[in-house]
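Below you'll find the structure, written out as structure tokens, and then a few comments.
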Amino acid sequence: MAQIMKTVAGRAQQMLQVAAKQQQFVPRFYSAAATNFEFIKTELAGEKKNVAVITLNRPKALNALCNGLMKELSTSLDQYENDNSIAAIVITGSEKAFAAGADIKEMQPNTYSKCIMGNFLNDWTRVAKCQKPIIAAVNGYALGGGCELAMMCDIIYAGDKAKFGQPEIALGTIPGAGGTQRLTRVVGKSKAMEMCLTGNMISAAEAEKTGLVSKVVPADQLVAEAVKLGEKIGTHSQLIVQLCKEAVNTAYETTLQEGLKFERRTFHATFSTEDRKEGMTAFVEKRPAKFNNN
């Protein structure tokens with residue numbers, strides 16, 4: 001408890017310092033062409049071009065997650081996280097598949113010793129560590145690593161024909177990138193156990209019912225709806241959004257009492273920011289707030 005209380009103020013101060021630096025220097029936007037991506041495509045969307053859209057692009061492999069793709073995804077997230085003009089990030093695939101799993105052909109020759117010595121899958125968690133909000137826009141299949149990738153995101157929107165599943169059991173293995181852990185925390189033990197032990201898929205409607213996704217929309221409107229959500233998030237203070245995201249993740253990862261303490265101290269920390277002052281002043285004066293991420 002004491003450690004949490006000590007770290008909250010420090011984290012808030014670090015965010016303030018980062019925000020101050022970002023106000024002085026805004027890095028250039030790195031396009032897909034400039035970075036020469038092979039397995040993903042990137043673009044800016046929204047009226048203010050402040051929502052980054054990353055599209056997984058291995059159509060012949062149904063966007064199977066190979067090491068190359070995951071490295072490119074990490075690189076693009078590094079760039080967007082350091083770009084002060086980007087308020088939110090959308091990760092999507094094709095209408096046929098968000099990602100049909102990890103690349104089994106690439107994985108098949110692995111041995112136990114290689115997995116241990118190489119810390120296999122350890123660097124696949126970059127999405128979960130991103131400070132900026134990430135929205136998964138899932139159409140088609142999100143299976144195995146694809147389902148796990150979606151769960152690393154902060155919010156999941158699904159097309160009406162999307163399918164989610166953890167079919168690793170049929171391959172003689174188990175989920176290795178959060179399938180047994182994140183899924184259980186979201187849908188509960190019984191449903192997670194059923195999905196992991198049978199490999200059965202669930203529909204978008206069932207995924208929404210269990211809380212795995214927050215919204216189901218027609219497939220052809222999915223990315224536009226996800227971008228709209230990113231734009232809405234972008235109307236708020238990016239500094240406060242990051243603090244709020246961290247607080248929600250703390251609820252996901254700790255006990256209730258620890259989470260409540262963290263939330264309260266983070267709430268207190270917002271009173272050291274200019275954006276908190278501006279937001280409340282604007283409310284009292286009945287005008288739109290003008291946030292500066294300070």
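Residue numbers run from 1 in the order of the sequence given.
A donor-acceptor pair under 3.5 Å is absent between the side-chain atoms of K49 and the main chain of S85, judged by distance alone. Side-chain N or O atoms of R276 include none that pairs as donor or acceptor with a backbone N or O of S272 at under 3.5 Å. Of the possible donor and acceptor atoms, one in the side chain of E72 sits under 3.5 Å from a partner among the backbone N and O of E38. When atom types are taken as modelled, the side chain of S237 and the backbone of N293 share no donor-acceptor pair closer than 3.5 angstrom. A donor-acceptor pair under 3.5 Å is formed between the side chain of S94 and the backbone N or O of K96. Put simply, the side chain of R58 never gets that close to the backbone of F39: no donor and acceptor are under 3.5 Å apart.
Taking 4.5 Å as the limit, every side-chain heavy atom of V186 sits out of range of all side-chain heavy atoms of T210. K245 places none of its side-chain heavy atoms less than 4.5 Å from the side chain of Q242. Counting heavy atoms from C-beta on, the side chains of E231 and N50 come closer than 4.5 Å. Within the 4.5 Å cutoff, the side chain of E148 has heavy atoms near those of the Q166 side chain. Residues F291 and Q238 have side chains not in contact (no heavy-atom distance under 4.5 Å, counting atoms from C-beta outward). The shortest side-chain heavy-atom distance between T250 and T266 does not fall under the 4.5 Å cut-off. Within the 4.5 Å cutoff, no side-chain heavy atoms of N67 are placed close to those of D103. For the pair N292/E278, no side-chain contact is recorded, criterion being any heavy-atom separation below 4.5 Å from C-beta on.
Atom CD of E47 is surrounded by 12 or fewer heavy atoms from other residues, nucleotides or ligands within 6.0 Å. In the displayed structure, E225 atom CD is contacted under 6.0 Å by more than 12 heavy atoms of other residues, nucleotides or ligands.
Connection of F164 to V223 is not established within any shared hydrophobic cluster, with ILVMFWY side chains joined at heavy-atom distances below 4.5 Å, either directly or through further cluster members. Hydrophobic cluster membership differs between Y141 and M195, with clusters built from Ile, Leu, Val, Met, Phe, Trp and Tyr side chains linked at under 4.5 angstrom. In the hydrophobic clustering of ILVMFWY residues, with side-chain heavy atoms under 4.5 Å counting as a link, F283 and F271 come out apart. Linking ILVMFWY side-chain heavy atoms closer than 4.5 Å, directly or via other members, places Y157 and L212 in two distinct hydrophobic clusters. Under the 4.5 Å side-chain heavy-atom criterion for Ile, Leu, Val, Met, Phe, Trp and Tyr, V51 and L222 are members of the same hydrophobic cluster.
Note that CG of N110 and SG of C115 are 4.5 Å apart. Values are rounded to the nearest 0.5 Å. Of the inter-residue distances, the one linking W124 atom CH2 with L149 atom CG reads 9.0 Å to the nearest 0.5 angstrom. In this structure, OG1 in T42 is found 11.0 Å from CD1 in I89, a value given to the nearest 0.5 Å. Put simply, CD on E274 and OG1 on T281 are 9.5 Å apart, with the number rounded to the nearest 0.5 Å. Taking SG from C130 and CG from L77, the interatomic distance works out to 5.5 Å, rounded to the nearest 0.5 Å. Between the OG1 atom of T180 and the CD1 atom of I174 there is a distance of 5.5 Å, given to the nearest 0.5 Å.
Residues G93 and T55 come closest through the heavy atom pair O-CG2, 3.6 Å. Residue F262 comes nearest to A247 through the heavy atom pair CE2-CA, 3.8 Å, listed as atom of the first residue, atom of the second, then distance. For the pair A87 and P133, the tightest heavy-atom approach, listed with the atom from each and the gap, is O-CD, 3.6 Å. In terms of heavy-atom proximity, V216 sits nearest to A204 at CG2-O, 3.5 Å. Closest approach of F98 to G146, counting heavy atoms only: CE2-O, 3.4 Å. Scanning all heavy atoms of the two residues, the minimum distance from N63 to L56 falls at OD1-O, 3.2 Å.
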### Query
Does the side chain to side chain contact (heavy atoms under 4.5 Å, CB included) test come out yes or no for K105 and Q108, once each step is laid out?
CA-CA 5 Å; K105 290 182 180 179; Q108 192 273 335; 5.9 Å; no
### Query
Between Y252 and R182, does a side chain to side chain contact (heavy atoms under 4.5 Å, CB included) hold up when you go through it step by step?
CA-CA 9 Å; Y252 184 73; R182 290 190 175 93; 3.1 Å; yes
### Task
Carefully, step by step, assess V213 and V138 under the rule side chain to side chain contact (heavy atoms under 4.5 Å, CB included).
CA-CA 9 Å; V213 308; V138 177; over 6 Å; no
### Working for side chain to side chain contact (heavy atoms under 4.5 Å, CB included), residues I169 and T198
CA-CA 7 Å; I169 197 77; T198 65; over 6 Å; no
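Side-chain polar atoms of T255 and E258 form a donor-acceptor pair below 3.5 angstrom.
For E206 and K209, the salt-bridge test fails: no basic side-chain N is under 4.0 Å from an acidic carboxylate O.
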